[in-house]
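Written out below as structure tokens is the structure these notes cover.
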Amino acid sequence: MKGKYFISGLIVLLTLPLFSCGGGDIGAPGSTGTQETGIVIESVSIQGVPTESDGTPDIDANVHLCSDGKPEAGLFRVTADISILAKRLNESGVAGPPFPASVEQCTVTYLRAVEDPSAPIIPSLTFFPNCIFTEATETTCNVPLIDIQRKNDFWNALVSGKNVPSERPTHYVAKYNCIYKNEFGTGTFPVEYDFWIDDFENCSN
């Protein structure tokens with residue numbers, strides 16, 4: 001009998017986070033501001049955008065010589081595409097149509113893998129995409145994933161011996177927290193992207 005009560009209690013505990021996800025607001029997991037803006041963030045996803053030099057999710061943090069004696073093309077800022085799908089809240093308390101809305105600001109925090117606390121700390125990055133989105137149409141916002149300075153700082157910390165990651169290439173999670181707004185209020189949504197950073201081979205020969 002005790003076992004039945006324990007299992008029933010466990011099921012209740014496991015289902016609680018599903019009801020509380022999003023801080024009590026309606027929308028994608030973690031999103032807020034639905035009641036203020038009249039907008040439901042239905043889904044948010046992110047995909048790395050490869051460049052000529054950097055193929056995501058592997059990010060090259062160093063320029064080295066190729067077999068022909070010439071250096072790689074160089075370091076470049078790496079970007080990602082955030083895709084947003086939103087709709088209006090039924091029986092919203094706002095005074096008019098909630099769309100269009102815009103993503104005004106995002107801060108990306110670079111989280112080290114739990115198993116690699118000795119990896120270099122990559123400072124957070126804040127940017128202002130001003131990306132407009134509308135109702136029931138998936139909108140893509142091109143955003144920074146990591147810039148040249150943060151690549152250099154990572155590599156310098158590694159080769160100087162200041163930080164010695166246990167994992168090479170080194171795994172990070174780029175955690176985005178974005179603020180959107182319309183004429184009625186503001187809201188937020190999160191999205192995460194996994195990447196690995198090291199000195200990768202990007203020679204064309």
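If you read the sequence from its start, that first residue is 1, and numbering goes on from there. Owing to the predicted nature of the structure, the values given are computational and were not obtained by experimental measurement.
Here CZ of Phe76 is found 7.5 Å from CD1 of Ile148. Values are rounded to the nearest 0.5 Å. Atom CG of Asn142 and atom OG1 of Thr79 lie 4.0 Å apart (nearest 0.5 Å). Phe195 CZ to Ile146 CD1: the interatomic distance, rounded to the nearest 0.5 Å, is 4.5 Å. For the atom pair NZ of Lys70 and CG of Leu65, the computed distance is 12.0 Å after rounding to the nearest 0.5 Å. The distance from the CD atom of Glu192 to the CD1 atom of Ile46 is 9.5 Å, given to the nearest 0.5 Å. A distance of 5.5 Å separates CG in Asn130 from OG in Ser102, rounded to the nearest 0.5 Å.
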### Query
Checking side-chain contact (heavy atoms from CB on, under 4.5 Å) for the pair Tyr180/Ile84: CA distance, chi angles, key distance, verdict?
CA-CA 11 Å; Tyr180 70 93; Ile84 306 162; over 6 Å; no
### Query
Going through the checks in order, is the side-chain contact (heavy atoms from CB on, under 4.5 Å) test met by Thr186 and Glu104?
CA-CA 9 Å; Thr186 62; Glu104 294 291 307; over 6 Å; no
### Message
side-chain hydrogen bond (donor to acceptor under 3.5 Å, both in side chains), that's the test. Do Asn177 and Thr107 meet it? Break it down for me.
### Response
CA-CA 5 Å; Asn177 187 54; Thr107 296; over 6 Å; no
### Task
Mind running side-chain contact (heavy atoms from CB on, under 4.5 Å) on Asp198 and Trp155 for me, showing each step along the way?
CA-CA 8 Å; Asp198 208 324; Trp155 188 248; 3.6 Å; yes
### Message
Is there a side-chain hydrogen bond (donor to acceptor under 3.5 Å, both in side chains) between Thr188 and Thr32? Walk through the geometry before answering.
### Response
CA-CA 5 Å; Thr188 67; Thr32 66; 2.7 Å; yes
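The backbone N or O of Ile197 sits nowhere less than 3.5 Å from a side-chain atom of Lys151 that would complete a donor-acceptor pair. No donor-acceptor pair closer than 3.5 Å links the side chain of Asp81 to the backbone N or O of Gln47. With hydrogens and angles ignored, the 3.5 Å screen pairs no side-chain donor or acceptor of Asn62 with any backbone N or O of Asp199.
Both Phe127 and Ile82 are part of a single hydrophobic cluster, where members link through side-chain heavy atoms under 4.5 Å apart. Residues Phe184 and Val40 do not share a hydrophobic cluster, defined by chaining ILVMFWY side chains whose heavy atoms lie under 4.5 Å apart.
Shown here for Val164 and Ser118, the closest heavy-atom pair between the two residues is O-OG, 2.9 Å. Annotation for Cys203 and His64: closest pair SG-NE2, 4.3 Å, computed over non-hydrogen atoms. Of all heavy-atom pairs spanning Cys106 and Val103, the tightest one is SG-CG1, 3.8 Å. Closest of all the heavy-atom pairs between Val63 and Glu72 is CA-OE1, 3.4 Å. Between Tyr176 and Pro144, the shortest heavy-atom distance links the atoms OH-O, 2.7 Å. Between Val108 and Ala174, the shortest heavy-atom distance links the atoms CG2-CB, 3.7 Å.
Using a 4.5 Å cut-off on side-chain heavy atoms (C-beta onward), Phe133 and Cys141 make no contact. At a threshold of 4.5 Å between non-hydrogen side-chain atoms, the residues Ile39 and Phe99 count as touching. When side chains are defined from C-beta on, Leu111 counts as touching Thr109, because their heavy atoms get closer than 4.5 Å. A 4.5 Å side-chain heavy-atom check between Leu89 and Pro98 finds every atom pair outside the cut-off. Contact of the Tyr172 side chain with the Arg112 side chain is registered, since non-hydrogen atoms from C-beta on lie closer than 4.5 Å. Between Tyr110 and Phe154 the shortest side-chain heavy-atom distance does not fall below 4.5 Å.
Applying the 6.0 Å contact sphere to CD1 of Ile132 captures more than 12 heavy atoms from other residues, nucleotides or ligands.
A salt bridge links Arg150 to Asp147: at least one charged side-chain nitrogen sits closer than 4.0 Å to a carboxylate oxygen.
In this structure, Trp196 and His171 have parallel ring planes: the angle between them is below the 30° cut-off, well short of the 60° mark.
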